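Note sheet for the following structure.
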Amino acid sequence: PIRVKGNYILMNRWKPMSEFTKDMMFGRKNTELERQTLNFFSMLTGNEATSNVEKQAGMKPAIRAKLDELGIAETLPDVWGIGSSFICIFGDDPSKLRATSLELNATLSNARVNVTWESVTIADAFLAFQPGQGRESKRNLNMPSSQFAAASLIHQSSEGQVSVPDMGNE
């Protein structure tokens with residue numbers, strides 16, 4: 001996307017999670033997966049598995065595999081955090097804005113990046129884009145620092161316009 005011409009800003013943000021938040025995230029996912037194995041009939045008749053070994057033996061293989069993956073992810077020596085990426089397209093010509101958004105969408109789709117376009121009238125989207133925002137975006141993703149570092153390689157930073165003729169080439 002760095003070769004697309006137009007007025008836009010690409011911004012990536014990553015914020016490390018506290019240990020408490022990380023434990024809550026993995027605990028919530030673990031509970032969510034274990035709830036898929038609940039059998040209400042067994043609970044009502046008192047035939048429910050009591051030990052973890054019995055519970056895992058009665059799980060579907062797909063759910064057991066997901067729990068194993070979750071356990072591996074939780075023990076990664078990497079730092080977990082909350083990441084988000086934003087694109088802000090700006091200008092005063094609506095047709096150029098539309099053309100830039102279509103070109104960026106095509107370029108990002110070719111790079112297998114899924115984009116959700118939101119209007120400037122959505123206050124939460126605008127506030128989430130601001131530097132130093134304290135609010136959480138609906139579009140945040142939980143990811144380790146190594147994964148976010150790899151994802152941020154999709155663009156390179158630019159200084160923008162180095163001198164401005166209207167301001168005496170400052």
Side-chain angles (χ1 to χ4, degrees), residues 1-2 8-89 101 104-158:
I2 59 172
Y8 61 92
I9 298 170
L10 288 173
M11 181 180 68
N12 289 327
R13 179 182 294 137
W14 185 83
K15 179 174 70 171
M17 284 183 187
S18 67
E19 281 297 317
F20 177 74
T21 307
K22 177 185 156 190
D23 290 343
M24 290 291 292
M25 175 188 70
F26 283 109
R28 193 170 39 245
K29 292 292 181 185
N30 198 354
T31 304
E32 184 180 311
L33 286 170
E34 286 178 353
R35 283 186 181 157
Q36 291 180 9
T37 63
L38 290 179
N39 184 343
F40 292 109
F41 182 73
S42 296
M43 288 173 63
L44 292 174
T45 59
N47 296 331
E48 185 182 14
T50 55
S51 71
N52 285 340
V53 176
E54 289 176 349
K55 286 179 184 178
Q56 286 189 352
M59 284 184 189
K60 295 177 185 173
I63 293 175
R64 193 175 5 205
K66 287 179 184 178
L67 282 170
D68 291 342
E69 283 182 35
L70 193 62
I72 291 169
E74 189 173 7
T75 58
L76 282 176
D78 215 346
V79 177
W80 280 84
I82 301 168
S84 55
S85 295
F86 300 93
I87 301 174
C88 180
I89 304 172
S101 67
L104 276 170
N105 194 36
T107 303
L108 290 166
S109 294
N110 287 338
R112 291 191 227 155
V113 175
N114 296 327
V115 180
T116 302
W117 293 99
E118 298 182 25
S119 170
V120 74
T121 57
I122 300 175
D124 288 340
F126 179 72
L127 290 173
F129 183 80
Q130 299 302 308
Q133 60 88 16
R135 305 175 81 172
E136 296 292 326
S137 170
K138 294 181 210 176
R139 309 283 181 228
N140 285 346
L141 297 171
N142 299 325
M143 61 177 64
S145 58
S146 58
Q147 186 180 5
F148 186 77
S152 66
L153 293 175
I154 197 165
H155 68 89
Q156 75 185 55
S157 60
S158 171

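It should be emphasised that the depicted structure is a prediction, and the values quoted were computed from it without experimental measurement.
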**Item:** Considering all heavy atoms, the nearest Arg13-Phe86 contact
**Value:** NH1-CE1, 3.9 Å

**Request:** Could you tell me which non-hydrogen atom of Asn105 sits nearest to which non-hydrogen atom of Val115, and how far apart they are?
**Result:** OD1-CB, 4.0 Å

**Request:** First locate atom CE of Met24, then atom CE of Met17, and finally report the distance between them rounded to the nearest 0.5 Å.
**Result:** 11.5 Å

**Request:** Compare every heavy atom of Trp80 with every heavy atom of Met25, then report the nearest pair and how far apart it is.
**Result:** CE-CE3, 3.9 Å

**Message:** Are the side chains of Leu141 and Ile82 in contact, using a 4.5 Å heavy-atom criterion?
**Reply:** no

**Asked** Is the number of heavy atoms from other residues, nucleotides or ligands within 6.0 Å of NZ (Lys29) greater than 12?
**Response** no

**Message:** If I take atom CD1 from residue Ile89 and atom CG from residue Leu104, how far apart are they, to the nearest 0.5 angstrom?
**Reply:** 5.0 Å

**Message:** Quick check: closest heavy atoms across Trp14 and Val79, and the distance to 0.1 Å?
**Reply:** CZ2-O, 3.6 Å

**Asked** What distance separates Thr75 OG1 from Leu70 CG, expressed to the nearest 0.5 Å?
**Response** 10.0 Å

**Message:** Checking Ser18 now: which residues fulfil side chain to side chain donor-acceptor pair (under 3.5 Å) with it, not counting sequence neighbours?
**Reply:** Thr21

**Request:** Grab the two heavy atoms, one from Asp78 and one from Ser145, that are nearest each other, plus how far apart they are.
**Result:** OD1-OG, 2.6 Å

